[in-house]
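Okay, so here's the structure we're looking at.
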Amino acid sequence: MNNNNHSASGPLTPAEVAFLCEAQSVTIIPRQRLDGLDLIGGYIPPFHPPQRTTIPLWLALLLKRQRRCNIVPPPWLSAPNIERILKTETENQNLFCPDLPYRWLETAELLLEGCPDDLGGDDGELRVLLRGLREVRQGKVREGLGKLEATYLQMNNLGLLEITEVRGFAKGVVDGLRKIGASTGVGLVLGWMMMISRWGWCFISMVFWTG
Amino acid sequence: MSYYDIDAILTDAQKVPCTFEITIPGLGYLEGNSNIDIKQGTRVELPLWLAEMLGVSQRLGTEQNVISLDLPPALAPRVQNALKANPCTVDLRSLASHYYSLGERILGLLEEDELVDILSETFKKRAAEIADHAHNPQGVISSGGEFLKGLDENERQLFKTAHESAKAIRAFLSDRSSGKK
């Protein structure tokens with residue numbers, strides 16, 4: 001993977017976001033017996049098919065590719081649930097639905113790619129719903145970026161991949177506004193506050209020493 | 001802003017109109033004719049770095065300033081009014097290639113509270129427009145060409161950032177759904 005995207009998208013590229021996402025746990029139904037694995041990242045308990053176990057997503061995807069297990073999709077990733085969330089999102093134009101996990105987009109992508117047959121039968125419908133959900137939320141992000149200020153931006157319940165998408169741009173705008181406003185009263189006060197928070201302890205300790 | 005930052009250097013090189021308040025011997029070459037004193041009241045366009053230095057210095061032992069600074073044409077009231085009317089139709093790049101950086105520096109030297117508001121508002125409005133263009137590569141050629149040509153250096157950077165992060169996400173998602181690695 002080339003990493004010249006770093007400057008553009010901030011500290012993380014989409015591929016790295018997906019990599020981080022693979023560390024989260026997922027429930028599987030193993031098809032084969034496996035002794036416990038002692039990995040650096042943690043201990044993988046032995047598999048006793050058809051008992052369910054919880055393992056990291058990357059291992060689950062690997063075993064799935066080798067047809068050694070079935071992945072149990074997380075409860076939120078089902079067509080009816082996504083449809084419900086999509087409805088909430090469309091009805092509340094100034095709110096991101098809090099029922100989605102932080103890594104929803106990348107988890108859904110990885111699972112749709114890795115185990116489309118485990119997702120309750122109709123992965124095509126799920127794909128359409130997720131695309132719709134993403135577009136609705138992108139629209140809201142766009143709306144929110146139009147209201148950027150020099151000091152403050154709040155978008156609750158935004159996913160990590162969605163944050164990665166807007167981080168570079170939002171950073172540029174906020175920085176630009178801060179520089180333009182730097183000569184006014186607010187800017188000066190902000191500058192002072194930043195300086196005080198940085199040097200405050202030095203001053204206090206100096207006073208303490210000399211006093 | 002780093003010492004070797006090319007944008008900072010180019011910002012420094014932008015011209016500002018100045019009026020000399022006192023006669024200075026031997027500085028005539030600033031006007032283009034060498035070996036002649038520069039007279040009081042002469043108007044010269046000086047690069048920002050020099051104007052900044054002279055603007056804050058005073059004649060030794062007096063309250064008299066060496067030069068007085070004027071607003072550069074890029075920030076003149078006419079342009080301010082145009083920005084107030086519709087920020088997105090003004091070609092900032094033809095006014096100054098580092099428009100906002102120039103504005104910041106001038107604001108540091110002159111007290112212009114209204115200009116701060118105008119610049120912030122302009123930047124905000126144009127940034128929203130830039131985001132739209134950056135996410136929509138088809139629309140750029142047809143409708144937004146004129147606007148995008150008029151972006152200043154800072155805004156170009158912003159456009160590039162927005163465009164590339166959108167592109168990276170799109171590439172990532174379409175790679176996945178088409179089953180490629």
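All chains are named by letter (A, B, ...) in the order of the sequence lines, taking the proteins before the strands, and each is independently numbered beginning at 1.
Within residues 132-145 of chain A, the residues approaching chain B closer than 4.5 Å by heavy atoms are, in numerical order, A/R134, A/R142.
The shortest side-chain heavy-atom distance between B/S165 and A/F169 does not fall under the 4.5 Å cut-off. Using a 4.5 Å heavy-atom cutoff, the side chains of B/L71 and B/E112 are in contact. With contacts defined as side-chain heavy-atom distances shorter than 4.5 Å, the pair B/N154/B/L158 does not qualify. For the pair A/C97/A/E89, a side-chain contact is recorded, criterion being any heavy-atom separation below 4.5 Å from C-beta on.
With sequence neighbours excluded, no residue satisfies side chain to side chain contact (heavy atoms under 4.5 Å, CB included) with A/D35. Not counting sequence neighbours, the partners of B/Y100 by the ring pair (Phe, Tyr, Trp, His ring centres under 6.0 Å) test are B/F123. Partners of B/K167 by side chain to side chain contact (heavy atoms under 4.5 Å, CB included), not counting sequence neighbours, listed by chain and number: B/H163.
Annotation: maximal heavy-atom pairing with chain B below 4.5 Å, among A/L112, A/V166, A/L161, occurs at A/L161. Ranked by heavy-atom pairs under 4.5 Å with chain A, the list B/D132, B/I130, B/L119 is led by B/D132. Chain A forms more heavy-atom pairs under 4.5 Å with one residue of B/A166, B/A128, B/A131, B/G103 than with any other, namely B/A131.
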